[in-house]
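Pasting in a structure now, in structure tokens, and then I'll have a few things to ask.
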Amino acid sequence: MDPDKAETWDKIKKLREEKGYCYEDEVTLSKKTLGDKYEPLLETFYKEHIHENDEIRYVQDGSGYFDIRDKNDQWIRLEVTKGCMLIEPAGLYHRFSMDSKDYIKAGRFFIGVSVWTPHYRPQAETHPTRVAYLKSQQKQA
Ligand SMILES: CSCCC(=O)C(=O)O
């Protein structure tokens, strides 16, 4: 989905309205612009975590890696680049890291909460959202 095209933003608006993604923010990550804030911030993203609701990441520029856990608890690495949209299901463990180009700008769309709120492993193991996610996966198997 090309962020330079107006029709993309129309589609995103429709998706957000349909699914109730009322809140958003935008992150621009790069050592150059963030300076001393860079390492601590990246650490919060790289620690394995879940969110309580589905969340969307829309890469408007740059690139990076999202790792998600598969059903055997193994990592799957997803390379994201400009135009990629990723839906992180509530309760799915994931983490984010930069690539060697060291630049990404992404929109983040939230349901229910207005700010990015991680629940880290292992404390998240007993979180109701994690428990519900695992149950939903068993049903699908
Ligand atoms: C480039 S988005 C930053 C990472 C993030 O929002 C997440 O790990 O959930």
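All ligand and atom numbering here is 1-based and tracks the order in the structure.
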Distance to the ring centre below 6.0 angstrom and angle to the axis at most 45 degrees; does that hold for Arg16 and Phe109? yes
Ligand 1 to His49, heavy atom cutoff 4.0 Å, flagged ligand atoms 7 (C), 8 (O), 9 (O)
In ligand 1, the atoms that come under 4.0 Å of a heavy atom of Glu88 are 9 (O)
Quick note on ligand 1: atoms under 4.0 Å from a heavy atom of His51 include exactly 9 (O)
- Query: Backbone or side chain, does any N or O of Arg95 fall under 3.5 Å from an N or O of ligand 1?
  - Reply: no
In Glu55, His127, Arg69, the residue satisfying side-chain contact (heavy atoms from CB on, under 4.5 Å) with Ile50 is His127
Do Lys47 and Glu43 sit within salt-bridge range, that is, some charged N less than 4.0 Å from a carboxylate O?
no
Taking the six-membered ring for Trp and the full ring for Phe, Tyr or His, determine whether the centres of His49 and His94 are under 6.0 Å apart.
yes
> Does one hydrophobic cluster hold both Val59 and Phe110, with members joined at side-chain heavy-atom distances below 4.5 Å?
Replying inline: yes
Checking heavy atoms under 4.0 Å, the part of Arg108 that sits near ligand 1 is side chain
- Thinking salt bridges, do Asp67 and Arg95 make one under a 4.0 Å N-O criterion? yes
Atoms of ligand 1 under 4.0 Å from any heavy atom of Arg57, numbered from 1 in the order shown, are 2 (S), 5 (C), 6 (O), 7 (C), 9 (O)
Numbered in order shown, the ligand 1 atoms found under 4.0 Å of a heavy atom of His94 are 8 (O), 9 (O)
min-distance protein heavy atom vs atom 7 (C) of ligand 1 -> Trp116 NE1, 3.4 Å
Residue pairs meeting ring pair (Phe, Tyr, Trp, His ring centres under 6.0 Å), one or both in residues 54-90, sequence neighbours left out, come to Trp9-Tyr58, Phe66-Phe96
### Query
Taking the non-hydrogen atoms of Glu55, is any one of them nearer than 4.0 angstrom to ligand 1?
no
